[in-house]
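Since this is a predicted model, take the numbers as computed values, not measurements. Letters A, B, ... are given to chains in the order of the sequence lines, protein chains preceding strands, and every chain is numbered from 1.
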Number of protein chains: 2
Amino acid sequence: MRLSDFPHIRELHLFKSMREDNFATLSQAAYLQTFPEQVQLITEGDRADFLFVVIEGCVELFATANGREATLAMVHPIGTFILAAVLKDAVNLMSARTTKKSRVLMIPAQDIRTAFETDEGFARALVVELADCYRSTIKEHKNLKLRTAVERLANRLLKYHADQGAHGRISLPHDKRTLAALLGMTPENLSRAFATLRQFGVHVDGATIELTDIKGLTGLAKPTPLIDDRTT
Amino acid sequence: MRLSDFPHIRELHLFKSMREDNFATLSQAAYLQTFPEQVQLITEGDRADFLFVVIEGCVELFATANGREATLAMVHPIGTFILAAVLKDAVNLMSARTTKKSRVLMIPAQDIRTAFETDEGFARALVVELADCYRSTIKEHKNLKLRTAVERLANRLLKYHADQGAHGRISLPHDKRTLAALLGMTPENLSRAFATLRQFGVHVDGATIELTDIKGLTGLAKPTPLIDDRTT
DNA sequence: CGCGAGCTTGAGCCCCATCAACGGGAGTGG
DNA sequence: CCACTCCCGTTGATGGGGCTCAAGCTCGCG
């Protein structure tokens with residue numbers, strides 16, 4: 001892997017407090033690879049052989065059963081996935097595919113586990129990382145159980161709006177069928193949800209959305225830090 | 001707290017590898033308390049002041065928003081809850097209430113965090129515990145998104161059946177309105193789901209259920225270790 | 001015997017999935 | 001430059017799963 005990528009990784013909360021020698025070992029064992037879009041990186045049920053770190057691009061985590069498929073999360077740079085499975089030396093509960101051309105760092109699972117056992121700083125960082133992941137999924141669970149599809153969309157738009165500078169205009173980070181899957185609905189229903197939100201100042205033009213009634217939209221969405229805040 | 005309760009707690013995976021002195025400190029700071037049923041122990045949004053350990057009875061974790069309520073999990077002995085919030089010194093994402101008379105151990109959050117920072121063995125145990133919690137919620141998420149209400153009930157019955165010795169007869173561990181909430185449906189709908197399952201050999205008599213067609217029920221439920229196994 | 005809580009059953013409705021058709025933009029090849 | 005095709009997104013019609021509201025039922029208990 002290229003040394004030029006080390007600084008970013010090293011600065012990750014997960015690796016920041018790791019001992020230098022352990023990090024060096026990990027670096028040497030890791031693979032940095034570039035994938036085109038729509039490549040499936042892992043399959044649920046398979047043993048977790050690598051910890052993945054998304055350096056560039058975007059990865060979709062999803063699961064399948066009974067002929068149905070559900071998107072569980074999108075991983076953006078710099079983010080990791082299947083950490084829990086790697087630590088437990090267990091099978092993946094989710095599958096993963098790229099949604100765009102992506103650069104991904106793959107760290108052999110055994111090296112992660114060794115570092116966990118020998119590096120106290122790393123073990124502590126893992127606690128924090130896992131706690132964050134855990135709380136994120138709880139929020140997502142609440143989002144799904146306590147809100148309708150239109151409410152989920154409204155909150156998601158407000159989140160994008162805040163992320164992108166709150167200038168009244170946002171651009172969707174995913175195509176609409178992916179966004180629909182992420183929100184737990186069909187593409188058709190997403191269209192209708194957008195139509196419903198028109199009366200709340202949501203105007204769609206392709207991947208660009210204009211928000212002209214933030215107050216009204218917020219009133220509908222009723223965002224709460226207990227679901228929507230990234231880090232609480 | 002009573003010394004007689006120590007052995008059970010000490011044997012918990014979470015505390016097993018903790019240093020003796022740290023465990024002693026924790027024990028002295030902890031409160032063992034008994035609550036009647038339907039007592040709310042914590043409220044979402046409040047700061048997490050204690051780590052809770054259910055010694056006896058049962059605790060329901062739930063969340064509220066927009067006038068809706070959703071049950072997220074049931075905690076049975078011996079189980080912990082709001083560990084992640086305690087570690088992060090954050091607010092609770094869930095509320096908790098007893099569903100029956102319960103004995104609960106309450107360990108001050110600050111003591112847990114201190115132990116985390118000073119006790120390497122405890123930190124490692126936390127990683128495993130959090131990874132388990134994390135994977136459990138992912139499974140629950142998949143259960144909800146990938147299955148219909150009837151399928152969720154069928155799988156739940158099969159799980160109880162296995163837990164209780166697979167003798168073709170099970171007794172429901174919760175009353176039906178709680179079970180309905182746990183499965184993400186209304187009590188009315190649970191009734192109808194049971195009626196639907198009659199043709200698959202599910203015969204209801206109060207809290208006792210007789211299963212006369214395990215094979216057929218399994219065919220409908222299509223259980224998978226990637227959702228239903230407690231520890232994979 | 002009367003009462004209330006928990007459970008069941010029924011009717012109606014809403015949200016959302018499904019199926020089908022259509023429109024438009026991008027890419028391709030003539 | 002245009003015709004063709006394919007894919008994405010939209011729109012409409014229909015249906016089903018599940019919720020709501022309301023009534024009836026059963027059983028335990030006073």
Side-chain angles (χ1 to χ4, degrees), chain A residues 36-38 60 64-71 99-100 143-157 171-199 202-210 220-221, chain B residues 36-38 60 64-71 99-100 143-157 170-200 202-210 220-221:
Chain A
E37 65 180 293
Q38 294 302 326
E60 177 183 7
T64 312
N66 305 333
R68 291 181 277 258
E69 178 179 311
T71 295
T99 61
K100 52 182 77 168
N143 190 34
L144 192 66
K145 271 200 174 181
L146 295 171
R147 286 175 172 158
T148 65
V150 171
E151 289 170 343
R152 292 198 296 274
L153 174 59
N155 279 291
R156 174 67 53 162
L157 292 178
S171 73
L172 298 179
H174 315 290
D175 61 30
K176 287 185 185 151
R177 66 187 311 105
T178 306
L179 178 60
L182 179 58
L183 293 171
M185 54 211 243
T186 58
E188 296 95 321
N189 223 324
L190 177 62
S191 272
R192 286 184 249 272
F194 269 125
T196 302
L197 290 182
R198 203 150 38 217
Q199 56 185 306
V202 175
H203 304 282
V204 182
D205 177 20
T208 302
I209 315 278
E210 203 168 348
L220 170 74
Chain B
E37 68 180 292
Q38 293 301 326
E60 176 183 7
T64 313
N66 306 333
R68 291 180 276 257
E69 178 179 311
T71 295
T99 60
K100 51 182 79 167
N143 190 34
L144 191 66
K145 272 200 173 180
L146 295 171
R147 286 174 172 161
T148 65
V150 171
E151 289 170 342
R152 292 198 296 276
L153 173 59
N155 279 290
R156 175 66 54 161
L157 292 179
I170 60 183
S171 72
L172 297 178
H174 315 291
D175 62 29
K176 287 185 185 150
R177 66 186 311 106
T178 306
L179 178 60
L182 179 59
L183 293 172
M185 55 211 248
T186 58
E188 296 95 321
N189 224 323
L190 177 62
S191 271
R192 285 185 251 270
F194 269 125
T196 302
L197 290 183
R198 207 157 27 225
Q199 56 185 305
F200 294 92
V202 176
H203 305 281
V204 182
D205 177 20
T208 301
I209 316 277
E210 202 169 349
L220 170 75

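Straight-line distance from the NZ atom of B:Lys176 to the C1' atom of D:dT26: 11 Å, rounded to whole Å. Rounded to whole Å, the distance from CG on B:Leu179 to P on C:dG6 is 15 Å. The CG-P distance, from B:Leu190 to C:dT8, rounds to 7 Å in whole Å. The NE2-C1' distance, from B:His174 to C:dC7, rounds to 18 Å in whole Å. D:dT10 atom P lies 11 Å from atom CZ of A:Arg177, rounded to whole Å. Atom CG of A:Asp205 and atom P of D:dT10 are 11 Å apart (whole Å). Atom-to-atom, CG of B:Leu183 to C1' of D:dC19 comes out at 16 Å; the value is rounded to the nearest Å. One can place CG of A:Leu172 at 12 Å from C1' of D:dG9, the figure rounded to the nearest angstrom.
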Candidate pair A:Phe194 and A:Val150, rule side-chain contact (heavy atoms from CB on, under 4.5 Å), full reasoning:
CA-CA 8 Å; A:Phe194 269 125; A:Val150 171; over 6 Å; no
Any chance you could lay out the side-chain contact (heavy atoms from CB on, under 4.5 Å) test for B:Ile209 and B:Val202, step after step, and finish with the verdict?
CA-CA 7 Å; B:Ile209 316 277; B:Val202 176; 3.7 Å; yes
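Of all heavy-atom pairs spanning B:Arg68 and A:Leu146, the tightest one is NE-O, 2.6 Å. For the residue pair A:Leu220 and A:Ala154, the shortest heavy atom distance occurs at CD2-CB, 4.2 Å.
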Reading nucleotides 12-17 of chain C 5' to 3', which nucleotides get B (base under 4.0 Å from a protein heavy atom), which S (sugar-phosphate only), which -?
----SS
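Salt-bridge formation is not detected for the pair B:Glu151/B:Arg156: no Lys NZ or Arg NE/NH1/NH2 atom is positioned less than 4.0 Å from an Asp or Glu carboxylate oxygen.
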Distances under 3.5 Å only, N/O to N/O: pair up the protein atoms with those of nucleotides 20-27 of chain C.
none

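In terms of modelled atom types and a separation under 3.5 Å, the side chain of B:Arg147 and the main chain of B:Arg152 share no donor-acceptor contact. No donor-acceptor pair under 3.5 Å is formed between the side chain of B:Asn189 and the backbone N or O of B:Met185.
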Let me have the donor-acceptor pairs involving side chains of residues 170-180 of chain B, under 3.5 Å, with sequence neighbours excluded, atom names and distances please.
{"residue": "B:Asp175", "atom": "OD1", "partner": "B:Thr178", "partner atom": "N", "Å": "2.9"}
{"residue": "B:Asp175", "atom": "OD1", "partner": "B:Thr178", "partner atom": "OG1", "Å": "2.6"}
{"residue": "B:Lys176", "atom": "NZ", "partner": "B:Gly206", "partner atom": "O", "Å": "3.1"}

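In this structure, a donor-acceptor pair under 3.5 Å is present between the side chains of A:Glu60 and A:Thr71.
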